[in-house]
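The first residue in the sequence is number 1, and the count goes up from there. A quick note: this is a predicted structure, and the numbers were derived from the prediction, not measured.
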Amino acid sequence: MPRRRLVAFALFALLASSAHAQSATSSGGPDLRSPILGEEVPYIRTPQAVVDKMLDLAEVGADDFLIDLGSGDGRIVISAAQKRGARGFGVELDASLVEASNAAARKAGVAERARFFERDLFDTDIRAATVLTMYLLPAVNLQLRPRILAQLKPGTRVVSHDWDMGEWQPDAKAVLEGLTKPVMPIQTSSVYLWIVPAKVAGKWKVQLEGARPESMQIEFTQRFQEISGVARRTRARTLLQSAHLRGAEIRFAVIDETRRSSEPLHFFGRVFGDTMEGTTGSGRRWHAQRNAN
């Protein structure tokens, strides 16, 4: 294994922006072999205050299964198990860190709920996660983004230390001041949270129940969690307003375009693959089916 050494922040920034970044550690921090220099940037241990903020932002609880990509010394998974009652595992390329992490889990009394494996993060099945944590470089985040959106269930929380997801804007962000990190000459840490959105793009037929059942057509467009659309109600031309998506939870409003003084009809519901269901603000039940074509 190439010799670890401290490097200047300029080198770190160069590698961080490199599209050839191959791997990283999350609880420990970036730890990759540079294809240019043939050396590894030493991992940066995440301060415990940042770990706690990551778990807070994701609202980690006893029902969660947390996967940490690049688990370093294991502190994220161990903290989630010890302080929140969660289960999960971490993956790490450094065998000595994996061994030390499993030993730390045993010492903390959470070895049954916090395990660690020597494994490449790109070979890791992440589908079981309800929370995914990472401290990776920007290029690696962008490489992972399609898998995260395709494989994780809507509502899964994704938390990253310091690096974002490019055009996928976070649902929440926190900044911690006054922290010291080896190698990096900055004293702030940013924590980003994304909620994996359901896939709602396409045409839907919405059925409203009640004493006067009616139907409407809605076509949604989507860019990550940002949605908009066009509605066509049976009895009038209709505007779609205030469309919002958070995980599998969706809300929107429709209003008759020909009757601007009329009150919007508010829809609240959940997405289940190609179906949705919920209630309106007035308590009427509704359900929707995505068109096949």
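- Taking hydrophobic clusters as Ile, Leu, Val, Met, Phe, Trp and Tyr residues chained together by side-chain heavy-atom distances below 4.5 Å, Leu245 does not share a cluster with Trp194.
- Looking only at side-chain heavy atoms (C-beta outward), Met276 and His287 stay at 4.5 Å or farther from each other.
- Nearest heavy atoms, Ala243 versus Ser228: CB-CA, 4.4 Å.
- A single hydrophobic cluster is seen to contain both Leu149 and Met165, as judged by linkage of ILVMFWY side chains at heavy-atom distances under 4.5 Å, directly or through other members.
- Note that OG1 of Thr133 and CG of Asp68 are 3.5 Å apart. Values are rounded to the nearest 0.5 Å.
- Although no hydrogens or angles enter the test, the distance criterion places a donor-acceptor pair under 3.5 Å between the side chain of Gln222 and the main chain of Ala198.
- In this structure, Ile67 is a member of the same hydrophobic cluster as Trp163, with clusters built from ILVMFWY side-chain heavy atoms closer than 4.5 Å.
- We find the CD1-OG1 distance between Ile218 and Thr238 to be 9.0 Å, quoted to the nearest 0.5 Å.
- Within the 6.0 Å centre-distance limit, the rings of Trp286 and Phe252 are counted as a close aromatic pair.
- In this structure, Thr130 contributes its side chain and Phe65 its backbone to a donor-acceptor pair below 3.5 Å.
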Worksheet item: Should Arg84 and Asp64 be marked as a side-chain contact (heavy atoms from CB on, under 4.5 Å) after you check the CA-CA gap, both sets of side-chain angles, and the distance that decides it?
Response: CA-CA 9 Å; Arg84 310 298 180 99; Asp64 281 313; over 6 Å; no
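- Inter-residue side-chain proximity for Leu265 and Leu208 is flagged as met; some heavy-atom pair is nearer than 4.5 Å.
- Side chains of Phe116 and Glu92 form no contact here, defined as non-hydrogen atoms less than 4.5 Å apart.
- If you take CZ on Arg127 and CD on Gln151, they are separated by 6.0 Å, rounding to the nearest 0.5 Å.
- The shortest side-chain heavy-atom distance between Leu121 and Leu144 falls under the 4.5 Å cut-off.
- Note: the hydrophobic cluster containing Leu239 does not contain Ile227 (ILVMFWY, side chain heavy atoms under 4.5 Å, direct or indirect links).
- Atoms CZ and OG1, from Phe89 and Thr124 in turn, are 6.0 Å apart once rounded to the nearest 0.5 Å.
- Counting heavy atoms from C-beta outward, Asp120 and Val91 have side chains that stay 4.5 Å or more apart.
- For the pair Arg113 (side chain) and Ala81 (backbone), a donor-acceptor distance under 3.5 Å is present.
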Worksheet item: Run the side-chain contact (heavy atoms from CB on, under 4.5 Å) check on Ser79 and Gln48 step by step: do they pass?
Response: CA-CA 9 Å; Ser79 294; Gln48 187 62 42; 3.1 Å; yes
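- Proximity of a side-chain donor or acceptor of Ser101 to a complementary backbone N or O of Asp73 within less than 3.5 Å is detected.
- Contact detail for Arg106 and Ala111: the closest heavy-atom pair is CG-CB, 3.7 Å.
- Between the side chain of Glu219 and the main chain of Gly229, no donor-acceptor pair closer than 3.5 Å is present.
- The closest donor-acceptor contact from the side chain of Gln225 to the backbone of Gln169 lies under 3.5 Å.
- Nearest heavy-atom pair, Leu152 versus Ile126, reported as atom, atom and distance to 0.1 Å: CD2-O, 3.0 Å.
- Judged by distance alone, the side chain of Arg75 and the main-chain N or O of Thr46 form a donor-acceptor pair under 3.5 Å.
- Between Glu59 and Arg157 there is no salt bridge, since none of the side-chain N atoms of the basic residue sits less than 4.0 Å from a carboxylate O of the acidic one.
- Rounding to the nearest 0.5 Å gives a distance of 9.0 Å between CD of Glu118 and OG of Ser96.
- Residues Arg284 and Glu214 form a side-chain contact, since some pair of their non-hydrogen atoms from C-beta on lies under 4.5 Å apart.
- Residues Ser189 and Asp162 meet the side-chain proximity criterion, which asks for heavy atoms closer than 4.5 Å.
- Linking Ile, Leu, Val, Met, Phe, Trp and Tyr whenever their side-chain heavy atoms come within less than 4.5 Å leaves Phe268 and Ile255 in two separate clusters.
- Inter-residue side-chain proximity for Met54 and Tyr135 is flagged as unmet; no heavy-atom pair is nearer than 4.5 Å.
- Contact record, Trp204 with Arg290: CE3-N, 3.3 Å, taken as the closest heavy-atom pair.
- Of the possible polar contacts, none joining the Thr275 side chain to the Val271 backbone as a donor-acceptor pair under 3.5 Å is found.
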